[in-house]
Protein chains: 2
Amino acid sequence: MPENKKRRRGADLENAILTAAWEQLQEKGYQNATIEGVAAAAATTKTVLYRRWPDKAHLMIAALIKFGELPDYQVPDTGSLRSDLFALFGQMAAFLDRLNGETLRGLLADRLRNLELGELLSRANTTDTLKTFLRPLLVRAADRGDIPQREWSDRVINLPGILLLNEVIGQQTLTVAAQTEMIDEILLPVYGAK
Amino acid sequence: MPENKKRRRGADLENAILTAAWEQLQEKGYQNATIEGVAAAAATTKTVLYRRWPDKAHLMIAALIKFGELPDYQVPDTGSLRSDLFALFGQMAAFLDRLNGETLRGLLADRLRNLELGELLSRANTTDTLKTFLRPLLVRAADRGDIPQREWSDRVINLPGILLLNEVIGQQTLTVAAQTEMIDEILLPVYGAK
DNA sequence: AAATATAAGATACGGCCGTATCTAATTTAA
DNA sequence: TTAAATTAGATACGGCCGTATCTTATATTT
């Protein structure tokens, strides 16, 4: 048999690494996955990984983007702002469920350490994805007369994401009761629902 | 001169360590401070520290509690809910300012990793301290007729803390403009101010 | 096809973590 | 005052991080 001296390169190699990273993430969780472990699983070495990603967070986010089935929210139009928000939260909850909780915490922790990482994360993250289509949702509600029409500040647009994230981090879970409270006691009043 | 063979023990030693920890925290910041560094600065060894605190976060929080001049909020009574909230935010901002930002992020990151650490942190932390006296503040506002009287859920009570934390983490700072937005666009509507 | 450039793979390093083990100083109990 | 129990201090370990260096396979250029 021919001794295998083939070297993978470029995209080939990168795919193998990301696949390994994704597997490690599933098997061991974020905290226990190591760069060296991923390298070994991909039958290569650290050096190669560090040439591509600066640290675990970036590597794992890359894997997450490739294999994580990031949410592709359907902007709900259910007839009322309240039920739209419920639909939205439901979708976000489903996404976060798939994310193991531990992984989410690990990523956020690393995000806090670095801070620069923030933007990168946000692509995979609910918080900012959210706002691109929360605004139309509010516009619709205003057109319908559910709430007054006005300019919504970024802070107010991001509020659902903040609440959600806070909930998932603090508690391990996102119950319907919690969603209800967030919507009825906070979001609807803020958006000016009567 | 007598060769110093004295060994510090118990509280004595512990004070020396916490003092060193506090100094290291100031000098290097949370991330760059190391357990071994603190041990060296206190002229002892890791082993001794690990007997007392399970990790850097616990050690630093202990130092913080001892030397950090944790906030002793004066419940403000300025005549209106809005100005009370401003006074409150001002106090919290002052506290957070002293905390270097970097330290806060480091601690929160570690908190996310562990999670159990949460309660411990909360003693030093604004978020929960907050709620013990936000409630009376709201009651006063209700008595005054600023807002309707009702039962306020924990979630709603913690909201200022969440907003604040989020702001400090995401941005590096807490501007007056941000405070104003949080109060006028979120908190006052949530509490039902007309 | 040969020369050159690029990037993979192997290895080693210093830094810090958290743990384990051993010794000797200091307390406390007898 | 002596014996026993604590616990400080010293050292060493394996694990992982992130970096640097070197060699060698593969692409690219000429």
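Order of the sequence lines fixes the chain letters, A, B, ..., with proteins taken first and strands second; residue numbering starts at 1 for each chain.
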Nearest-Å distance for atom pair [atom1]/[atom2], residues [X] and [N]:
X	N	atom1	atom2	value
A/Asp12	D/dA25	CG	C1'	15 Å
B/Glu14	D/dT7	CD	P	12 Å
B/Arg7	D/dA8	CZ	C1'	5 Å
A/Leu49	C/dA10	CG	C1'	14 Å

Original post:
Got a sec, which residues hit salt bridge (Lys or Arg N to Asp or Glu O under 4.0 Å) with A/Glu36, two or more places apart in sequence or on another chain?
Top reply: A/Lys46
Subject >> Test salt bridge (Lys or Arg N to Asp or Glu O under 4.0 Å) applied to B/Arg113 - qualifying residues, sequence neighbours left out >> reply: A/Asp110
Original post:
Under the side-chain hydrogen bond (donor to acceptor under 3.5 Å, both in side chains) test, which residues partner A/Asp184, sequence neighbours left out?
Top reply: A/Arg82
Original post:
By side-chain hydrogen bond (donor to acceptor under 3.5 Å, both in side chains), which residues pair with B/Glu167, not counting sequence neighbours?
Top reply: A/Arg155
Subject >> Straight-line distance of B/Leu96 CG to B/Leu164 CG, nearest 0.5 Å >> reply: 5.5 Å
**OP:** Please list all pairs passing the salt bridge (charged side-chain N to carboxylate O under 4.0 Å, His left out) test where one or both residues lie in residues 61-71 of chain B, with sequence neighbours left out.
**Re:** none
Under the rule for side-chain contact (heavy atoms from CB on, under 4.5 Å), what residues qualify as partners of [X], not counting sequence neighbours?
X	value
B/Asp12	B/Arg8
A/Arg135	A/Trp152, A/Asp154, A/Ile157
A/Gln91	A/Tyr73, A/Gln74
A/Ser83	A/Thr78, A/Ser80

Original post:
Name the one of A/Asp84, A/Leu187, A/Thr180 that satisfies side chain to side chain contact (heavy atoms under 4.5 Å, CB included) with A/Phe89?
Top reply: A/Leu187
Original post:
Does a nitrogen or oxygen in the side chain of A/Thr44 sit under 4.0 Å from OP1 or OP2 of C/dA8?
Top reply: no
Original post:
When you check the phosphate oxygens OP1 and OP2 of D/dA8, does a side-chain N or O of B/Arg52 lie under 4.0 Å from one of them?
Top reply: yes
Contact list (N/O, under 3.5 angstrom) for nucleotides 3-6 of chain D vs protein:
unit_1	atom_1	unit_2	atom_2	d
D/dT6	O2	B/Arg9	NH2	2.9

**OP:** Indicate for each nucleotide in nucleotides 11-21 of chain D, in 5' to 3' sequence, whether protein heavy atoms under 4.0 Å reach the base (B), only the sugar-phosphate (S), or nothing (-).
**Re:** B----BBBBBB
Using a cutoff of under 3.5 Å, can you pull out all pairs of nitrogen or oxygen atoms linking the protein to nucleotides 28-30 of chain C, with atom names and distances?
none

